[in-house]
Amino acid sequence: MSETIAQQLASRLNAALAKTDFAHDMPEGFSAQIDQAQNRQFGDYQSNAAMILAKQLKRNPREIATAIAGTFDGGEFSEKPEIAGPGFINFRLTTTALEERFKALLDDPALLGVAQVEVPQTIVTDFSAPNVAKPMHVGHIRGTIIGDCLVRMSRFIGNNVVSDNHIGDWGTQFGMIIWGWKNLLDKSAIEADPIPELLRIYREVNAKQKDDAELAEACREELVKLQGGDEENLAIWEKTIEVSKIGLQKIYDRLEIEFDYWLGESFYNSQLAPLVDELMAAGIAEESDGAICVFFPDDEKMADKPAIIRKSDGGFLYATTDLATIDYRIKQLKADAAWYVVGAPQQLHFDQIFEISRRRGQNADLQFIPFGSILGKDRKMLRTRSGDTVQLADVLDEAVERAYQIVDKKNPDFSEKEKRDIAEVIGIGSVKYAELSQFRMTDYIFDWDTMLALKGNTAPYLINAYVRTRAIFRKLGSDFEPGGAITLTADAEKDLVLKLAQFSETVPAALSDFRPNTLANYLYELATTYHKFWEACPVLKEEGAVRETRLALCELTGQVLRKGLGLLGIRTTEKM
RNA sequence: GCACCCAUAGUAAAAUGGAUAUUACGUCGGUUUCCGGAGCCGAAGGUCCAGGUUCGAUUCCUGGUGGGUGUACCA
């Protein structure tokens, strides 16, 4: 079952086109597309091929649509197409086709109809990438969760996806941290819980050095010593990274995110000087005001904005590191593509390094996948009352605690452990879903009440729909048994089957433009379609084939919801 | 200055150039002898402005307005 319904209809439609009297007048390579119907009152699928052809053939679109409908052979698959409006061709699947599709999906629990890519690509994904020595704050949520979701989806369709956490472990902040370590460190605090202590000294030094030129200079000197290989400073640096990674890993564990590699900025240090030399030798880079730069005179976005790859004092910048990183990913990791899930403000930077990569003759498919900001209710950057950035760990804690309160109120008789487990699934799931359910570029307002609402397009609603699919089998007293008779009688059943079949069309669509919200919206629609089925079609009081069919619908809905939420990185629970 | 991103009901969001612009929250009304009502059914309310391309524009192009961001030695 590698073809989607849309693809099968498209094949039949193109066969019909070849049989029309204008078949030879069509533009070369013309291939008609089939879309899911915008509005179900018109049918299940639609094509606007007649209107496109009408323009090119200079003929009446309805006339062309009628001709296509006349040669269209729907077989047992599709009813006779209908012509509507200015020239839409509308298709409705036969009950037989839906039943066959339904059986095929039941036989394919691993993929649920989603086709595998013909030629798997090696794709390196770059996301999350926090600075070490600073805890992750809410700003890191989006990239981390969106990146992880893209990894899951891309793996699911068969690609070889490598996740790489390009942590910021080599920057100017280390001058401040090392100075703070030497002068401000509370030894007992660093042993008890290193992350808050590191944050404390970083914040303290950072605040002071802003209007203390002497301190700023002292920090720079510590940085120079570190870069020069000073043993004491290197030891502090290593220790800092070690404890930071442990702290970061705790959060990733909680989010159930794994990285194949943690190749931070420092990993590329030795490759920076040769890279700059190579770019100079190739004539791509040139000296300007003492710095080594690459210019882009032909691109209006960057015409007056050079990329600096070496400072006049000899130091390297993150553009240099990112170029070395591209090298490594192509040469060592054998990447066909690299996806960068990074905040929108970095657009220019990635335009520049991607262009430099192209000039070097590299042809990997480099994708910048930007996202917008998270704002507080006042539409400004989210901050705590004291003005600090909000830490990610605190967000997760609060989400889980709020979820616990709801579960506890709703189901006080659940065991304490059950309530805690459920709260973890719902709390973390809600934070993730709030991110993934909207277009990644729009700035979004962080609001607990919206995120954890029990109704509407939220994680609790979707998880609840899944719980309902399970509740049936609890009531039944046994798990689903495959192989039962299938017969679709009610419209609500057919609507649900069609929706379930469209999972296979949704995953590739969501991935094609890096939009997890397409999948999230699909799951929400699936849940509402299921709830409508639930209202219209009693299950356990029926008998025979109708009962078996409806049990199978509950089972398959549960499978698609669990799989779909899983692709978003969200777990399900059996009860809530 | 230059560049990039964004603009859709009271609020928050959807919509490969397609039909009557789709949801949610909130508001108002209906619905429960039934498998989890955390549901379902219904009502009111909207594409920043001006041009252009098109049979057709929320979508593409041009110019405004408003907001955000970036822009030679941070990342």
Side-chain angles (χ1 to χ4, degrees), chain A residues 33 35 37-39 41-42 46-48 51-52 54-55 60-61 84-88 90 129 131 168 170-173 265 288-293 295 299-319 321-322 342-349 351 370 372-373 375 377 379 406 410-411 434 437-439 441-445 447 449-450 453-458 460-461 463-465 467-476 509 512-513 515 517-518 520-521 524-525 527-528 530-532 534-542 550-551 554 575-576:
Chain A
Q33 300 296 309
D35 300 310
Q38 296 288 319
N39 187 331
Q41 75 181 16
F42 298 119
Q46 65 180 48
S47 174
N48 53 25
M51 290 180 287
I52 293 167
K55 188 186 309 194
N60 181 304
F88 292 98
N90 294 320
N131 277 324
W170 193 259
T172 46
Q173 81 268 27
E265 293 170 348
S288 174
D289 287 347
I292 308 298
C293 303
F295 291 90
D299 187 326
E300 71 166 5
K301 285 197 295 291
M302 315 188 272
D304 56 347
K305 300 176 179 66
I308 300 176
I309 57 174
R310 196 174 78 193
K311 295 192 283 186
S312 51
D313 69 3
F316 302 105
L317 298 101
Y318 81 138
T321 311
D322 276 339
V342 183
Q346 302 216 42
Q347 175 85 252
L348 176 62
H349 167 70
D351 284 344
S373 313
L375 306 176
K377 274 192 158 175
R379 296 206 65 95
I406 294 166
K410 209 85 188 174
N411 291 297
S437 60
Q438 64 186 282
F439 179 46
M441 277 306 289
T442 37
D443 292 343
Y444 100 100
I445 314 290
D447 179 26
D449 296 332
T450 311
L454 299 175
K455 37 174 91 169
N457 191 1
T458 64
Y461 175 90
I463 296 173
N464 177 58
V467 166
R468 281 187 161 192
T469 68
R470 304 309 303 158
I472 284 270
F473 294 100
R474 264 203 305 282
K475 187 86 177 179
L476 182 66
S512 70
D513 45 6
R515 289 179 70 151
N517 66 305
T518 302
N521 291 345
Y524 178 70
E525 286 172 13
T528 55
Y530 178 69
H531 278 140
K532 285 174 193 173
W534 175 277
E535 293 290 325
C537 302
V539 179
L540 296 179
K541 58 166 63 169
E542 296 291 336
R550 291 180 181 175
L551 280 170
C554 292
K575 294 197 275 180
M576 63 190 282

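Quick note on labels: first sequence line is chain A, next is B, and so on, each numbered from 1.
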*How far does the P atom of B:U27 sit from the matching atom of B:A21, given to the nearest Å?*
26 Å
*Which nucleotide sits closest to the side chain of A:Asp304: B:C2, B:C35, B:A15?*
B:C2
*asked:* Once you apply a heavy-atom cut-off of 4.0 Å, does A:Asp513 come out as touching a base, just sugar-phosphate, or nothing?
replied: nothing
*Give A:Gln41 one of three labels, base, sugar-phosphate or nothing, depending on what nucleic acid heavy atoms sit under 4.0 Å from its own.*
base
*Can you tell me how far C1' of B:U59 sits from CD of A:Gln38, to the nearest Å?*
12 Å
*Would one find a side-chain N or O of A:Lys532 under 4.0 angstrom from OP1 or OP2 of B:C41?*
yes
_Measuring to OP1 and OP2 of B:C34, would you say a side-chain N or O of A:Lys475 lies under 4.0 angstrom away?_
no
*Is there a donor and acceptor pair, one atom on the side chain of A:Gln46 and one on the base of B:A19, closer than 3.5 Å?*
yes
*Spatial distance of atom NZ (A:Lys305) from atom CG (A:Leu348) [nearest 0.5 Å]*: 7.0 Å
*Between B:G18 and B:A13, how far is it from one P atom to the other, in whole Å?*
23 Å
*Pairwise C1' distance for B:A24 and B:U62, with rounding to whole Å*: 36 Å
*Does any donor-acceptor pair link the side chain of A:Ser288 with the base of B:A72 at a separation under 3.5 Å?*
yes
*Can you tell me how far P in B:U23 sits from the matching atom in B:C4, rounded to whole Å?*
35 Å
*Which listed nucleotide (B:C73, B:A19, B:A14) is nearest to the side chain of A:Ile308?*
B:C73
*Give the rounded distance in Å between these two atoms: CE of A:Met302 and C1' of B:A72.*
15 Å
*Pairwise C1' distance for B:U58 and B:C49, with rounding to whole Å*: 15 Å
*Spacing of the P atoms in B:C6 and B:A14 (rounded, Å)*: 11 Å
*Value in whole Å for how far the C1' atom of B:A15 lies from CE of A:Met441*: 18 Å
*Describe the nucleic acid contact of A:Phe42 in one word from base, sugar-phosphate, nothing, applying a heavy-atom distance below 4.0 Å.*
base
*After noting the C-alpha distance and the side-chain angles of A:Met576 and A:Lys410, does the key distance pass the side-chain contact (heavy atoms from CB on, under 4.5 Å) rule?*
CA-CA 8 Å; A:Met576 63 190 282; A:Lys410 209 85 188 174; over 6 Å; no
*How close or far is atom C1' of B:C5 from atom CG of A:Leu375, stated in whole angstroms?*
14 Å
_side-chain contact (heavy atoms from CB on, under 4.5 Å) between A:Arg468 and A:Ile472, worked out_ = CA-CA 7 Å; A:Arg468 281 187 161 192; A:Ile472 284 270; over 6 Å; no
*Counting only distance, no hydrogens or angles, is the base of B:C25 paired donor-acceptor with the side chain of A:Lys455 under 3.5 Å?*
no
*For A:Lys301, answer base if it contacts any base atom (sugar-phosphate contacts may also be present), sugar-phosphate if it contacts only those atoms, and nothing otherwise; contact means non-hydrogen atoms under 4.0 Å.*
sugar-phosphate
*asked:* Regarding A:Asn411, tell me which of base, sugar-phosphate or nothing describes its non-hydrogen contacts under 4.0 Å with the strands shown.
replied: base
_Distance between C1' atoms of B:A50 and B:G66 (Å, rounded)_ = 15 Å
_With a 4.0 Å cutoff (strictly under), does any side-chain N or O of A:Thr442 reach OP1 or OP2 of B:A14?_
yes
*Indicate, with a heavy-atom threshold strictly under 4.0 Å, whether A:Glu525 touches base, sugar-phosphate, or nothing.*
nothing
*Under 4.0 Å between any heavy atoms, over every strand shown, what does A:Asp289 touch: base, sugar-phosphate, or nothing? Just pick one.*
base
_Straight-line distance of A:Leu375 CG to A:Asp447 CG, nearest 0.5 Å_ = 12.5 Å
*Which part of the nucleic acid does A:Phe88 contact within heavy-atom distance under 4.0 Å: base, sugar-phosphate only, or nothing?*
base
*hbond_proxy A:Asp443 side chain to B:G68 base (donor-acceptor, 3.5 Å cutoff)*: no
_Applying a 4.0 Å non-hydrogen cut-off, can you work out what A:Pro345 is touching in the nucleic acid: base, sugar-phosphate, or nothing?_
sugar-phosphate
_Base-pairing mate for B:A50 - Watson-Crick or G-U, with both contacts under 3.5 Å_ = B:U62
*Have a look at A:Gln33 and say if it touches a base, only the backbone sugar-phosphate, or nothing, with a 4.0 Å heavy-atom cut-off.*
nothing
*For B:C34, take OP1 and OP2 only and decide whether either is under 4.0 Å from a side-chain N or O of A:Lys541.*
no
_Rounded to whole Å, please give me the gap between CZ in A:Arg310 and P in B:A75._
15 Å
*In Å, rounded to the nearest 0.5 Å, how long is the span from CD1 of A:Ile309 to CG of A:Asp322?*
12.5 Å
*Any side-chain N or O of A:Gln438 less than 4.0 Å from the OP1 or OP2 oxygen of B:A13?*
yes
*I would like to know whether A:Phe88 and A:Gln38 meet side-chain contact (heavy atoms from CB on, under 4.5 Å); could you show each step before the answer?*
CA-CA 11 Å; A:Phe88 292 98; A:Gln38 296 288 319; over 6 Å; no
_Between P on B:A15 and CZ on A:Phe439, what's the gap in Å once rounded to a whole number?_
7 Å
*asked:* Under 3.5 Å, is there any donor-acceptor pair linking the side chain of A:Asn457 to the base of B:A12?
replied: no
_Sugar-phosphate, base or nothing in reach of A:Ala344, heavy atoms under 4.0 Å_ = nothing
*asked:* I need the NE2-C1' distance between A:His531 and B:G39, as an integer number of Å.
replied: 6 Å
_5'-most by nearest nucleotide on RNA chain B - A:Val467 or A:Gly85_ = A:Gly85
_Taking 4.0 Å as the cut-off, does a side-chain nitrogen or oxygen of A:Tyr530 come that near to OP1 or OP2 on B:G36?_
no
*Describe the nucleic acid contact of A:Ser312 in one word from base, sugar-phosphate, nothing, applying a heavy-atom distance below 4.0 Å.*
base
*In terms of side-chain heavy atoms of A:Asn90, which of B:A75, B:A19, B:A24 is nearest?*
B:A19
*What integer number of Å spans the P atoms of B:A3 and B:C41?*
50 Å
*How would you label the contact of A:Phe295 with the nucleic acid (heavy atoms, under 4.0 Å): base, sugar-phosphate, or nothing?*
base
_Would A:Arg515 and A:Asn521 count as a side-chain contact (heavy atoms from CB on, under 4.5 Å) here? Give the steps._
CA-CA 10 Å; A:Arg515 289 179 70 151; A:Asn521 291 345; over 6 Å; no
_Exam field: side chain A:Asp443 to backbone A:Gly372, donor-acceptor pair closer than 3.5 Å_ = no
*Kindly point out which of B:U71, B:C55, B:U23 is positioned nearest to the side chain of A:Tyr524?*
B:U23
_Quick check for you: to the nearest 0.5 Å, what is the distance between A:Leu317 atom CG and A:His349 atom NE2?_
10.0 Å
*asked:* Can you measure A:Trp534 atom CH2 to B:C41 atom C1' for me and round it to whole angstrom units?
replied: 18 Å
_Rounded at 0.5 Å granularity, tell me how far CZ in A:Phe316 sits from CD1 in A:Ile292._
9.5 Å
*Choose from B:A15, B:C74, B:U71 the nucleotide whose nearest atom is closest to any side-chain atom of A:Arg515.*
B:A15
*asked:* Need one value for A:Glu535: base, sugar-phosphate or nothing, where a base atom within 4.0 Å counts as base even if backbone is also close, heavy atoms only.
replied: base
